[in-house]
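As C-alpha cells, the structure follows; a few thoughts come after it.
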Amino acid sequence: MDALTDIGSLSREQLAEAFGVLGLPRFRVGQVVRWLYGRGVADFDEMTDLPAGLRAELSRRYVIGRADIVTKQLSEDGTRKYLVRFEDGTSVETVGLPDGDRLTVCFSTQAGCAMGCTFCATGRAGFSRDLTCGEMVRQVLLVAGDFGRRVSNAVAMGQGEPFANYDAVLAALRFMNSDDGPEVGARHITVSTCGILAGIRRFAEEPEQFTLAVSLHSAVKSTRDRLMPGVRGVSLPSLREALVAYAQRSGRRPTLEYALAAGVNDTDGELRALVGFARGMLVHVNLIPVNPVAGAGLDRSVADRVRLFRDTLLQAGVETSVRVERGADIDAACGQLRQRHGG
Ligand code: SAH
Ligand code: SF4
C-alpha cells in the first residue's frame with residue numbers, strides 16, 4: 001500500500017478539492033480544519049462531531065503528522081525557545097516571545113536553509129527539507145499551548161527562507177489567520193525574506209494584509225554578496241524597485257532588517273549606501289546588533305555606531321528602530337539551539 005498523505009501537507013483549497021472528490025459536503029472542510037488548526041488534535045478519532053464512518057475514511061487516506069516539543073529553554077525575559085520535532089524526526093526551532101498583552105511566535109518555514117548567509121547559524125548548517133503548511137501552523141499551536149494563551153503575532157523568522165517554500169508558507173499563513181485556526185490577524189503576521197524577487201512580487205498581489213520584512217544587511221553589493229551568497233543574483237536596484245512596487249501595490253510599509261557587524265557593514269561608506277537605498281521609499285529600517293555565531297567571525301557593532309546609524313537614517317527621513325534583543329541568554333541567534341542538539 002502507498003504511504004498515506006500527511007493531511008498537513010494540504011492547503012485549504014487542496015483539502016476542499018480532495019473532499020470534493022470524495023463527495024463530501026463543503027462544510028466538512030471547515031470542520032476538519034477547526035480540529036486540525038483550531039484545536040490541534042493528533043488523531044482523526046478526536047474529531048468527535050464527524051460521523052464515525054468519515055473518521056475511518058480519513059484515517060485510511062491521511063495521517064496527521066506529529067509535532068512535539070522536545071526541548072525548551074527559558075530566558076530570564078520570558079522568551080521560550082523550543083526544539084520541535086516532526087513525524088520523520090526532522091526538527092526545527094520555534095520561539096515564543098511574550099510582551100505585555102502580546103505573544104509572538106517566531107516559526108520556521110524550512111528545516112535548515114539553502115541560502116548560506118554567513119552570519120546565520122541556520123545558513124551555515126545547510127538545508128534539510130521544506131516544512132509543510134501544517135508543520136508551520138503546529139508551531140504556533142504548540143507555543144499557544146505551552147503559554148496557555150492566544151498567539152497575537154506570528155513571524156516567519158525562524159529557520160528557512162519562506163519564499164523558497166512559497167506555496168506552503170502562504171497556505172500556513174492563511175490557516176493561521178483563519179477563524180477556523182488560531183486567528184492571528186493578517187497585519188500581525190510577518191514574512192521575512194532574504195530578498196527573492198519573484199516572492200516579493202507574488203506577495204504584493206496577495207489579498208491579505210500580511211506584513212513583509214526583507215533582510216538587507218548591506219546596501220553595498222560586494223558586502224551583501226559576501227554576507228548573503230544565496231541572493232548574489234539579485235541586484236540592489238531591482239530589490240529596491242520590487243520593494244517600491246510592493247509598497248505601492250499593497251499600501252503596506254515593508255521592513256528592512258539590518259544586522260550590524262563591526263567593521264563589516266557599519267562603516268561610514270555602508271551608512272551612506274544604506275541611506276541612499278532607504279531614502280524616499282515607504283520603508284521601516286530595523287537595526288539589530290548582529291548575534292555572533294560560531295565560525296562566522298563577526299562581532300557586534302558598538303553602541304555608538306548603532307546610534308549613529310539610527311540618527312543618520314532618522315535625519316534623512318527614514319523611519320528607523322533598533323531591535324531590542326530578546327532571549328540572549330538562551331542561544332538567541334537563529335539556528336543555535338538545533339546545532340547544539342544535533343537535530
Ligand atoms: N530567511 C529569512 C527569514 C529567517 S532569518 C530571512 O533571511 O529574512 C530571520 C532574520 O534573522 C533575518 O532577518 C536574518 O537576517 C536574521 N539573522 C540571522 N542570523 C542572524 C544573526 N546572527 N544576527 C542577527 N540577525 C540574524
Ligand atoms: Fe536562510 Fe535567512 Fe539564515 Fe539567510 S538569514 S541563511 S536566508 S534563514
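Just so we're clear, the structure is a prediction, and the values are computed from it rather than from any experiment. Note that ligands are numbered from 1 as they come in the structure, with each ligand's atoms numbered from 1 the same way. Residues take their numbers from the sequence shown, with the count starting at 1.
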With a 4.0 Å cut-off, would you call [X] and [Y] a salt bridge?
{"X": "Lys221", "Y": "Asp225", "value": "yes"}
{"X": "Arg150", "Y": "Glu183", "value": "no"}
{"X": "Asp6", "Y": "Arg66", "value": "no"}
{"X": "Arg39", "Y": "Glu46", "value": "no"}

Contact between ligand 1 and [X] is defined here as a heavy atom of the residue under 4.0 Å from a ligand atom; is it met?
{"X": "Gly195", "result": "no"}
{"X": "Cys113", "result": "no"}
{"X": "Gly158", "result": "yes"}
{"X": "His217", "result": "yes"}
{"X": "Ala296", "result": "no"}

Is there a side-chain hydrogen bond (donor to acceptor under 3.5 Å, both in side chains) between Ser152 and His188 once you walk through the steps?
-> CA-CA 7 Å; Ser152 60; His188 299 141; over 6 Å; no
Should you measure from each heavy atom of [X], which atoms of ligand 1 turn up under 4.0 Å away?
{"X": "Val293", "answer": "22 (N)"}
{"X": "Gly160", "answer": "1 (N), 2 (C), 3 (C), 4 (C)"}
{"X": "Ala156", "answer": "3 (C)"}
{"X": "Thr193", "answer": "6 (C), 8 (O)"}

Quick one: does Ser215 get a heavy atom under 4.0 Å from ligand 2?
->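 Checking ligand 2 against Ser215, which is what was asked, there is no heavy-atom contact under 4.0 Å.
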Between Cys120 and ligand 2, which residue portion shows a heavy-atom distance shorter than 4.0 Å: side chain, backbone, both, or neither?
->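 It is the side chain that touches ligand 2; the backbone stays farther off.
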Let me know which of Asn265, Asp266, Thr267 forms a side-chain hydrogen bond (donor to acceptor under 3.5 Å, both in side chains) with Ser301.
->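 For Ser301, the side-chain hydrogen bond (donor to acceptor under 3.5 Å, both in side chains) check succeeds only for Asp266.
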Specify whether an N/O/S atom of Cys194 falls short of 2.8 Å from atom 1 (Fe) of ligand 2.
->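 Short answer: no, not a single N, O or S atom is under the cut-off.
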How does Met157 reach ligand 1, by side chain, by backbone, by both or by neither, if only non-hydrogen atoms under 4.0 Å count?
->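 Met157 to ligand 1: contacts from backbone and side chain alike.
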For ligand 1, is any non-hydrogen atom under 4.0 Å from Val214's backbone (N, CA, C, O), its side chain (CB onward), both, or neither?
->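 Neither part.
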How are the rings of Phe163 and Phe203 set relative to one another: parallel (under 30°), tilted (30 to 60°) or perpendicular (over 60°)?
->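 If you compare the ring of Phe163 with that of Phe203, the planes turn out tilted.
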What class does the angle between the rings of Phe175 and Tyr37 fall in, given that below 30° is parallel, 30 to 60° is tilted and above 60° is perpendicular?
->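 Taking Tyr37 first and then Phe175, their aromatic rings sit tilted (interplane angle of 30° to 60°).
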State, yes or no, whether a side-chain contact exists between [X] and [Y] at a heavy-atom distance under 4.5 Å.
{"X": "Phe44", "Y": "Ile7", "value": "yes"}
{"X": "Pro51", "Y": "Arg28", "value": "yes"}
{"X": "Leu36", "Y": "Met47", "value": "yes"}

What do you reckon, does Phe119 have a nitrogen or oxygen under 3.5 Å from a nitrogen or oxygen of ligand 1?
->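 Yes, Phe119 has an N/O under 3.5 Å of an N/O on ligand 1.
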Report yes if Glu257 has an N/O atom closer than 3.5 Å to an N/O atom of ligand 1; otherwise report no.
->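 Min N/O separation from ligand 1 is not below 3.5 Å for Glu257.
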Nearest heavy atom to atom 2 (C) of ligand 1 wins, so pick from Pro289, Gly230, Ser192.
->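 The residue whose heavy atom sits nearest atom 2 (C) of ligand 1 is Ser192.
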Which of the atoms of ligand 2 are close to Gly123, meaning less than 4.0 Å from one of its heavy atoms?
->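 Those qualifying, in numeric order: 6 (S).
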